[in-house]
Amino acid sequence: MAALILEAVIGYPAFVYRAIGHPVTWMGALLTFLESRLNRPDAPGNRLRGLATIIILLAATAAVAFAANRLLPGFIVVLIATSLLAQRSLHDHVRAVADALQTGGLDAGRNAVSMIVGRNPASLDEAGVARAAIESLAENFSDGIAAPAFWLTVAGLPGAACYKAANTADSMIGHRTPRYETFGWAAARLDDVINLPASRLSAVFIALGAIATGASPRGAIRAVLRDAGSHRSPNAGWPEAAMAGALGLKLAGPRVYGDTLVDDAFMGDGRREATAADIVRALRLYKGACAAQALILLALVLIRPG
């Protein structure tokens with residue numbers, strides 16, 4: 001609870017990042033070091049080397065987190081935990097897309113959305129930019145907030161830190177490219193598994209958040225039950241479908257990443273012509289979902305024995 005509230009208020013201060021970086025950058029540096037020495041795309045056993053890389057990364061992360069948990073005062077542990085959440089930064093990045101569309105038009109919107117999505121921004125019209133921002137908001141609510149909060153609740157600082165390490169590994173090497181097809185297999189499969197609980201919970205939080213923000217909880221539930229399982233990702237469809245249904249939009253579908261067209265299923269059955277105003281509505285819903293998560297955690301605190 002303390003970490004969620006504090007991170008929502010202060011985020012991760014820029015001066016701290018400039019001074020010491022961020023835990024994710026430290027994890028990324030270790031992963032880069034290991035990958036450069038162990039990844040042999042054309043050699044046999046590369047999948048096992050990728051698995052060994054993940055084991056080393058998680059072991060190192062867990063060791064540091066366990067030491068911090070045992071040796072540091074509680075308020076310092078809370079401060080460290082805030083760095084593993086991304087409520088404020090996600091809001092600010094998505095809000096920047098809405099502001100860019102409203103004040104600078106399509107080119108500004110494309111530039112802003114390129115900071116948060118991997119697809120080719122040149123292929124997006126204004127509605128596509130708005131949908132991309134909303135889809136990123138939904139998916140990253142699950143990956144960047146609900147999931148680390150879940151593992152923080154279940155397994156403390158070590159659980160959240162190891163989740164973040166695994167999620168970072170998936171984003172860096174869990175791609176189906178010639179270089180990472182075999183080496184990143186373990187990272188991609190592990191990320192799928194550890195995101196299963198939070199992706200489902202994130203859909204619940206979005207539906208609950210819809211109650212207080214003027215969106216449609218019934219639409220969110222209906223879209224999740226109908227569409228989430230059709231998404232190419234075992235996890236991303238849950239928050240995306242919930243967001244689409246709650247806002248009356250039609251998200252996902254065919255998208256261009258680089259020069260590759262990815263033919264994904266649609267989430268929701270509303271309108272495709274999303275606007276900057278819809279991004280603002282999505283951010284309001286996102287805040288409601290974050291509040292729902294916090295209230296559920298508060299309830300767990302209050303009913304906890306002892």
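Residues: numbered from 1 along the sequence shown. Predicted, not measured: the structure shown is a model, and the values here were computed from it.
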* With sequence neighbours left out, what residues match Glu135 under side-chain hydrogen bond (donor to acceptor under 3.5 Å, both in side chains)? -> Arg119, Arg255
* Asked: In chain order, what residues pass the side-chain hydrogen bond (donor to acceptor under 3.5 Å, both in side chains) check against Arg218, with sequence neighbours excluded?
  ->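 None.
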* Asked: Between Thr103 and Asp99, does any side-chain donor sit less than 3.5 Å from a side-chain acceptor?
  ->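 Side chains of Thr103 and Asp99: no pair found under 3.5 Å.
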* Asked: Is it the case that Asn39 and Tyr180 place a side-chain donor and acceptor less than 3.5 Å from each other?
  ->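 No, because no side-chain N or O of Asn39 sits under 3.5 Å from a partner of the opposite role on Tyr180.
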Under the salt bridge (charged side-chain N to carboxylate O under 4.0 Å, His left out) test, which residues partner [X], sequence neighbours left out?
| X | result |
| --- | --- |
| Arg226 | Asp269 |
| Asp92 | none |
| Arg232 | Asp264 |
| Arg271 | Asp278 |

Salt bridge (Lys or Arg N to Asp or Glu O under 4.0 Å) contacts in which one or both residues fall within [range], not counting sequence neighbours:
| range | answer |
| --- | --- |
| residues 39-55 | none |
| residues 189-214 | Arg189-Asp192 |
| residues 173-185 | Glu35-Arg179 |

Donor-acceptor pairs under 3.5 angstrom involving side-chain atoms of residues 142-159: please list them, not counting sequence neighbours.
{"unit_1": "Trp151", "atom_1": "NE1", "unit_2": "Ile194", "atom_2": "O", "d": "3.1"}
{"unit_1": "Thr153", "atom_1": "OG1", "unit_2": "Ala149", "atom_2": "O", "d": "2.8"}

* Donor-acceptor contact below 3.5 Å, side chain Ser123 vs main chain Asn120 -> yes
* Polar side-chain atom of Tyr286 near backbone of Gln87 as donor-acceptor pair, under 3.5 Å -> yes
* Residues two or more places apart in sequence or in another chain: which of them pass side chain to side chain contact (heavy atoms under 4.5 Å, CB included) with His93? ->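 Expected list: Ser89, Ile116.
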* Asked: Residues in side chain to side chain contact (heavy atoms under 4.5 Å, CB included) with Ala108, at least two apart?
  ->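 Per chain and number, Ala108 pairs via side chain to side chain contact (heavy atoms under 4.5 Å, CB included) with Ala100.
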* Would you call Val301 and Met1 a side-chain contact if the rule is heavy atoms closer than 4.5 Å? ->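 They are in side-chain contact.
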* Does a side-chain heavy-atom distance below 4.5 Å link Leu208 with Leu295? -> no
